[in-house]
Structure formats: structure tokens, C-alpha cells
2 protein chains.
Amino acid sequence: MTIKEVCEKFSLTQDTLRYYERVGVIPEVNRTKGGIRDYTDEDIAWVENAVCMRSAGVPVEMLIEYVRLFREGDETLKARRDLLVEARVEVQKNLDKYLTTMERLNYKISRYEEALKTGVLTWDVEDK
Amino acid sequence: MTIKEVCEKFSLTQDTLRYYERVGVIPEVNRTKGGIRDYTDEDIAWVENAVCMRSAGVPVEMLIEYVRLFREGDETLKARRDLLVEARVEVQKNLDKYLTTMERLNYKISRYEEALKTGVLTWDVEDK
DNA sequence: TATTGACTTGGAGTGAACTCCAGGTAGTAT
DNA sequence: ATACTACCTGGAGTTCACTCCAAGTCAATA
């Protein structure tokens, strides 16, 4: 699979894909004899993983560390598990914040809907 | 309330609070005769709102726009509602991504726990 | 009143994560 | 063989959201 196809598949730019490889967010991608990237299923699995993790705010640095450990083999199993658990803690924290914010937004919006119907906007002090 | 107290209350730095005010993420804060910030309950409500929204990734630019509209008065009710709805769409999108990532992390971690017990790590192609 | 420590401003600097660019090569169609 | 397009690299530039700094002011204490 060419870089063009992969970046379309995941809605990334080619620059981002090359950047991920360059810094080690994904391992080095398979190439043709000419040196052109030819993504294997495994390469694509790494990209998919990176995209998923990044979309939840897992830092690039953490993904690099995971790939680094992965390449060291089985003796890093525990270290990788610990890294994933650490990532999960962070993602869960953010998830909680997003839920809180959704509640606030829902409340605010309901107040605005009310105001747009009645012409009266009633606020508690804390609703800005 | 002094800037020190407010930034402790919300775990922000003084620089961040001043920055928020400067760029308009919150309206101008009440001051003493000497020019020192003295946050009223209303100022604090704005800070709380900003912190909540920012923690869910709502862009600074959007908060600035909201404050700008707010100060224009009742004729911007609809515009503010629309802005909040727009923010909610984005937050919900991210929320979904975070949930997806949590599932992936849970799955990966369970695989690692398994591997650490049995000594065997079994991957599908897509689990990296 | 002098010192001390917290506060003020405008503006420059930083870190993370891309994003863009110039100059060059690969591969395909004519 | 030539043109043309897609891809390559190293490195510089950009954006966002802070974060830091220098030089000055305020306010409480000795």
C-alpha cells in the first residue's frame, strides 16, 4: 500500500506519516527496491494504533517509547504493560473531564434554548 | 480573592490567569485602587468555566468569541447558543475517540496481563 | 521610612506536534 | 529517451497555548 493510500485511509497527511516514522511513533516502514514506502498490513496496524492513541491525546513521546520497547523483545513485556496502564490512567482522566464538560455544555445550551423561547435568560452566578 | 488564591483553587499558574484575561478567554477582572486583581465571584465563575472548557479541549479562540458575544448583550443569544452547540459537537467527537481508545487500551493491557502470566503473547495482526 | 515580597505590564521564549519547502529520485506513459 | 507525476530527504517554519522574563509598582512589616 502506498503512502497516498494509507494517508487517505486514516485521513492523515503524507508529511504526518513520514514524521511518525522518522521520530519512531511507528517502526520503519517496508520499502520497494527504489526506496519508496510500501506499507504492509503490519505497518498499517502500527499506523492505525498510532492514530487511535494520538486521537485520545496519548503523547507522541509515549508511543515512541512503546515502539522502542517492542523492538527490544519479550524482556520488555512488563515495561510495555506498565506504559499502557500509564496511558490508560491519563486517557481516563481526560475522559472524565470531557464528560464533566459535556454536562456543563448541555446545561448551558438548555438555558439558552429556554432563553430563546421565553426571551428571558436566567443565570446562576456560576453559569457563564 | 487574589490571583494567588484563584490560581491555587484551579491549579493554574498566575501567568495562565493573566494570559486568559489578556487575550479575552475571561472578561477583565475586578481590581483594587492600586491596580491589583481582586477576583469577584463572577470573575471566578468565568475562570471556572474557562478551566472546564479548556480541559475538554475547547479552543481558546472559541472561548474568546463567546466572551466577546456575551459582552454584546442579548442580541447575541442565538449566536452564543450556536457556538456552544458547535463546541458540544467537537467535545462529543473527542469523547467518542477517547472511548474507542480506552477499549483498545483495555484489550491490549488484558493481552499483556495474559502474556505476563503464561509467558506467551498472542497477537492478532492489528494488535500492536 | 526602608525593606521585603507579591503583584503589575509588555513582550519575548518554549514545547509539542505537526507542516512546509527545496532539491532530488522513482516509476510510468508516450 | 523524454516527460510527467508521485515520492524521497533533511531541515526550516508554523500554530497553539501557554510560560518566562525584566523592569517597575503596591502594600504590609520592622
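Keep in mind that the numbers below use all heavy atoms, side chains included, and drop hydrogens, waters and symmetry copies. Residue numbering restarts at 1 for every chain, and letters A, B, ... go by the order of the sequence lines.
- Whole-Å rounding puts the E21(B) CD to dT19(D) C1' distance at 17 Å.
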Original post:
With the sugar-phosphate defined as primed atoms, P, OP1 and OP2, and the base as all remaining atoms, what B/S/- string results for nucleotides 14-30 of chain C, 5' to 3', for protein heavy atoms under 4.0 Å?
Top reply: ---BBBB-----SS---
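- The side chain of R37(B) contributes an N or O atom lying less than 4.0 Å from OP1 or OP2 of dT9(C).
- Nearest heavy atom pair, residue D43(A) against residue E28(A), reads OD1-O, 4.0 Å.
- Counting heavy atoms of neighbouring residues, nucleotides and ligands inside a 6.0 Å radius, atom CD of E61(A) does not exceed 12 of them.
- Side-chain contact of E90(B) with N94(B): a donor-acceptor pair under 3.5 Å is absent, judged by distance alone.
- Atom-to-atom, NZ of K4(A) to P of dC7(D) comes out at 7 Å; the value is rounded to the nearest Å.
- Across the protein-nucleic acid pair, R31(B) atom CZ and dC26(D) atom C1' stand 13 Å apart, rounded to whole Å.
- In this structure, M62(B) and M53(B) have side chains that are not in contact, with every pair of non-hydrogen atoms separated by 4.5 Å or more.
- For the pair E28(A) CD and dC8(D) C1', the computed distance is 14 Å after rounding to whole Å.
- Between the CG atom of D38(B) and the C1' atom of dT8(C) there is a distance of 15 Å, given to the nearest Å.
- Looking only at side-chain heavy atoms (C-beta outward), I3(B) and Y39(B) come within less than 4.5 Å of each other.
- As a whole-Å value, the separation of M62(B) CE from dC16(D) C1' is 15 Å.
- To the nearest 0.5 Å, atom CD1 of residue I64(A) and atom CD1 of residue I26(A) are 11.0 Å apart.
- Here dT19(D) presents its P atom at 11 Å from CG of L17(B), a figure rounded to the nearest Å.
- A sub-4.0 Å separation between OP1 or OP2 of dC7(D) and a side-chain N or O of Q14(A) is present.
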